[in-house]
Amino acid sequence: MTIAVLSATGAQSRAIADRLARDHDVIRLSRTAGPGLSPVDTGSEDDLVRALEGAQAVVLTSPLDYRPGIRIGLAERVTRAAERAGVGRLVLNLAAAVPADNPRPVAEDLRQIRAIIQSGATPWTVVQPTAYLDNFLAPWTLPAIVGDGVIASPAPAEARISYISHASLGDFVAGVIDRPSAAGRTYDIGGPEALSGQALADILSGAVGRPLTYLALDLDQFAAGLNAAFGAPTGDDVADIYRHLSERPDALVRDASPWTEIGVEPETAAAWAARQTWRLA
């Protein structure tokens, strides 16, 4: 099968493309040039059609771009382009969970993206992950872990989260691509353990080689920092996700049923941590 993966330079999309490449021919689509990448202007529906021609499936990861209308417009163009190009399957990685009881604008935005994909003529599957273990390797997180023994996160310390890895996301997407019965389904996925902040810190301590303490960030300061780095309302929208988690501390707890159905198994936090290099570059 030939599968097109959009935004293939992003961490989530790259993990999906790498996993799919084990069993399929993968077209890695990107707005930026680079080895192994096929160029596409995602702002042009016609260019998307050109890029998707010949693909039997396409994977779209909703970008972490909170500017008004950006993600909505992309979802609309990809949905139409997939139909015009005759793609047989469209998998949306929504890149976030969408609790039904979260009324905040960022959740409504995600619901709208999902509805656009589901309204198209191309058979679809939607994947809604919880929160990524790989975020703890980010340059704004890793130095505190390695240098200070602190895991700093906007998630409340008491919230229990079924953290998932990018590699497990790739395994799940590969599973639904190969399973026709997954068409028309929406899957809420997470890792195999529901961990509080300190429980996560205790697990990662073994791999890092030092005791770790979990620190829940002040959400107003967290939002302000993201707004300064990426422009408002990015910080406000991301912080809203965690404000909901403060009100519903088990909102990101998931069970194993999607994995059992698809026939793959997510890795544990300990297994993920053991694969990482816990030092600064």
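In this text, all values refer to a predicted model and were calculated from it rather than measured experimentally. Values below: all heavy atoms of this structure, side chains included; hydrogens, waters and symmetry mates excluded.
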Measuring from atom [atom1] of [X] to atom [atom2] of [Y], what distance do you get when rounded to the nearest 0.5 angstrom?
X: Leu252; Y: His244; atom1: CG; atom2: NE2; value: 9.0 Å
X: Gln276; Y: Leu142; atom1: CD; atom2: CG; value: 10.0 Å
X: Ser62; Y: Leu74; atom1: OG; atom2: CG; value: 7.5 Å
X: Arg185; Y: Gln118; atom1: CZ; atom2: CD; value: 12.0 Å

Does [X] come within less than 4.0 Å of [Y], counting only side-chain N to carboxylate O?
X: Asp47; Y: Arg31; answer: no
X: Arg22; Y: Asp18; answer: no
X: Arg77; Y: Glu45; answer: no
X: Asp109; Y: Arg71; answer: yes
X: Glu267; Y: Arg275; answer: yes
X: Arg111; Y: Glu108; answer: yes

Heavy-atom pair of closest approach, residues [X] and [Y]:
X: Ala4; Y: Leu29; result: CB-CD1, 3.9 Å
X: Asp188; Y: Arg254; result: CB-NE, 3.5 Å
X: Ala155; Y: Ile161; result: CB-CD1, 3.8 Å
X: Thr79; Y: Ala75; result: OG1-O, 2.7 Å

Evaluate whether atom CD of Glu265 has more than 12 neighbouring non-hydrogen atoms of other residues, nucleotides or ligands under 6.0 angstrom away.
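Result for CD/Glu265: open.
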For Leu90 and Ile117: C-alpha separation, side-chain torsions, deciding distance, then whether side-chain contact (heavy atoms from CB on, under 4.5 Å) applies.
CA-CA 8 Å; Leu90 197 168; Ile117 298 298; 3.9 Å; yes
Dump the intermediate steps for side-chain contact (heavy atoms from CB on, under 4.5 Å) on Leu94 and Val98, then the final yes or no.
CA-CA 9 Å; Leu94 204 53; Val98 192; 3.3 Å; yes
Heavy-atom check, side chain of [X] versus side chain of [Y], under 4.5 Å:
X: Asp218; Y: Phe222; result: no
X: Asp134; Y: Tyr163; result: no
X: Leu217; Y: Gln221; result: no
X: Leu92; Y: Thr125; result: no
X: Thr213; Y: Ile151; result: no
X: Leu137; Y: Thr141; result: no
X: Trp124; Y: Val126; result: yes

Report the C-alpha distance between Tyr214 and Ser196 in whole Å, list the side-chain angles of each, state the deciding distance to 0.1 Å, and finish with yes or no for side-chain contact (heavy atoms from CB on, under 4.5 Å).
CA-CA 9 Å; Tyr214 186 86; Ser196 68; over 6 Å; no
Strictly distance-based, threshold 3.5 Å: is any side-chain N or O of [X] a donor or acceptor partner for the main-chain N or O of [Y]?
X: Gln12; Y: Gly10; answer: no
X: Glu261; Y: Ala182; answer: no
X: Arg160; Y: Gly197; answer: no
X: Ser30; Y: Pro39; answer: no
X: Glu53; Y: Ala85; answer: no
X: Ser168; Y: Pro266; answer: no

Does one side chain, of [X] or [Y], offer a donor that lies under 3.5 Å from an acceptor on the other?
X: Gln128; Y: Arg114; answer: yes
X: Thr260; Y: Ser257; answer: no
X: Asp46; Y: Ser44; answer: no
X: Arg14; Y: Thr9; answer: no
X: Ser13; Y: Thr61; answer: yes

Other ILVMFWY residues reachable from Trp259 by side-chain steps of under 4.5 Å:
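Via sub-4.5 Å side-chain contacts, Trp259 links to Met1, Ile3, Val5, Ile16, Leu20, Val26, Val59, Val91, Val127, Tyr132, Ile164, Leu169, Phe172, Val173, Val176, Ile177, Tyr187, Ile189, Ile262, Val264.
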Answer yes if Leu37 and Leu60 sit in the same cluster of Ile, Leu, Val, Met, Phe, Trp and Tyr residues linked by side chain heavy atoms under 4.5 Å apart, and no otherwise.
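No, it is not one cluster - the side chains of Leu37 and Leu60 are not joined through contacts under 4.5 Å.
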Carefully, step by step, assess Gln198 and Leu212 under the rule side-chain contact (heavy atoms from CB on, under 4.5 Å).
CA-CA 8 Å; Gln198 191 55 48; Leu212 299 177; 5.7 Å; no
Excluding sequence neighbours, so at least two apart, what forms side-chain hydrogen bond (donor to acceptor under 3.5 Å, both in side chains) with Asp41?
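Partners of Asp41 under the side-chain hydrogen bond (donor to acceptor under 3.5 Å, both in side chains) test: none.
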